[in-house]
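By convention in this document, chain letters (A, B, ...) are assigned in the order of the sequence lines, proteins followed by strands, and residues within each chain are numbered from 1.
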Amino acid sequence: MKKSKILPLSFYQRSTELVARELLGKKLCRKLSNGKVLSGYIVETEAYVGLLDKACHGFGGRKTPRTQVLYENGGIAYIYFIYGMYYCLNVVSSKKNHPEAVLIRALEPCDNVDWMKDKSQNSINEKKILNGPGKLCKVLDIDKGLNTHDLTQNPLWIEKGKDIKSEAIVSSPRINIGYAEEWIERPLRFSVKDSPYISVKIKEAK
DNA sequence: TTCCCGATTTACT
DNA sequence: GTAAATCGGGAAA
């Protein structure tokens with residue numbers, strides 16, 4: 001029995017910023033009901049760090065049916081519906097009773113790229129198939145049914161992928177959280193430097 | 001129960 | 001650059 005490439009639950013049960021940073025380069029895999037496996041390397045994430053973070057759904061200890069999953073132990077999926085038409089995939093991190101998670105914002109396509117191009121109706125440019133949290137969920141067929149799913153199990157899991165050097169990781173402010181006041185500028189977004197697959201271009205520091 | 005608004009994407013001016 | 005699409009969750013009443 002060969003050693004599993006799937007990341008263990010202990011990987012997720014650490015500080016959220018660390019998990020967000022180290023998820024870069026990892027391989028997100030999704031097995032469809034027809035048996036086909038789609039995958040991509042994670043190139044962009046954002047950390048949502050719970051109680052004090054005004055951008056986090058669990059801010060201030062808010063606890064509702066939807067955010068319940070954020071309070072669980074790390075290693076499971078938190079999927080929510082936004083703007084009436086899109087889903088976003090998050091990885092719950094940290095320990096029980098800490099409402100923290102990492103938003104997966106963009107992937108570099110890996111397996112079954114042609115199938116994904118078809119699905120996204122963007123058959124020309126593979127750089128734009130998975131470059132956004134709403135888009136990657138649509139293409140990978142991720143919806144509420146996978147909420148609370150264990151990310152070490154079929155049909156959605158994360159494996160070891162490419163090695164990303166720490167010099168190749170850049171942090172920047174998060175996207176579209178204009179309501180979060182002093183948290184808007186916090187550099188909790190992590191991405192692979194110069195990757196053509198990220199969602200929103202990073203503002204250059206002058 | 002009602003009302004407001006969003007961790008987005010796409011199309012248009 | 002800005003706006004429209006579109007609906008469930010959360011807060012208020």
Reckon [X] touches a base, only the sugar-phosphate, or nothing at all at heavy-atom distances under 4.0 Å?
X	value
A:Arg105	sugar-phosphate
A:Gly84	base
A:Leu103	base
A:Lys128	nothing

Selection from B:dG6, B:dT10, C:dG8 that lies nearest to any side-chain heavy atom of A:Tyr83: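 Of the candidates, B:dG6 comes closest.
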Can you check whether [X] has a side-chain N or O nearer than 4.0 Å to OP1 or OP2 of [N]?
X	N	result
A:Asn176	B:dA7	no
A:His57	C:dG9	no
A:Lys144	C:dC7	no

Find the distance [X]:[atom1] to [N]:[atom2] and express it as a whole number of Å.
X	N	atom1	atom2	value
A:Tyr80	B:dC5	OH	P	18 Å
A:Ile175	B:dT9	CD1	P	10 Å
A:Tyr179	C:dA11	OH	P	13 Å
A:Lys119	B:dT9	NZ	P	16 Å
A:Tyr87	B:dT9	OH	P	15 Å
A:Ile79	B:dA7	CD1	P	16 Å
A:Tyr86	B:dT10	OH	C1'	7 Å
A:Phe59	C:dG10	CZ	C1'	14 Å

N/O donor-acceptor pair under 3.5 Å between A:Trp183 side chain and A:Leu52 backbone: yes
Single-linkage hydrophobic cluster, 4.5 Å side-chain cutoff, A:Ile175 and A:Leu188 together: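 No, A:Ile175 does not connect to A:Leu188 through the hydrophobic network.
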Path from A:Val69 to A:Phe59 over hydrophobic side-chain contacts below 4.5 Å: no
Span that lies between the P atom of B:dT2 and that of C:dT6, in whole angstrom: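 My reading of the P atoms in C:dT6 and B:dT2 gives 23 Å.
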C:dG1 to B:dA7 separation - C1' atoms, rounded to the nearest Å: 22 Å
Ionic contact status for A:Glu22 with A:Arg14, cut-off 4.0 Å: yes
DNA chain C-proximal residues of residues 62-69 of chain A, any heavy atom under 4.0 Å: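 Output list: A:Arg62, A:Thr64, A:Arg66, A:Thr67.
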If you measure from [atom1] on [X] to [atom2] on [Y], what distance do you get to the nearest 0.5 Å?
X	Y	atom1	atom2	answer
A:Cys137	A:Tyr80	SG	OH	9.0 Å
A:Leu24	A:Ile104	CG	CD1	9.0 Å
A:Arg174	A:Arg189	CZ	CZ	11.5 Å

Test item: side-chain donor near acceptor, A:Ser199 and A:Glu44, under 3.5 Å: yes
Secondary structure string for DNA chain C (Watson-Crick or G-U under 3.5 angstrom, | for other-strand pairs): |||||.||||||.
Aro-ring/base stack A:Tyr48-B:dA7, d under 5.5 Å, angle under 30°: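 Yes, the aromatic ring of A:Tyr48 stacks with the base.
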Ring-face cation contact, A:Tyr41 with A:Lys162, 6.0 Å cut, 45° max: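 Positive - A:Lys162 is close enough to the ring of A:Tyr41 and near enough to its axis.
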Within 45° cone and under 6.0 Å: A:Lys63 NZ/CZ vs A:Tyr71 ring: yes
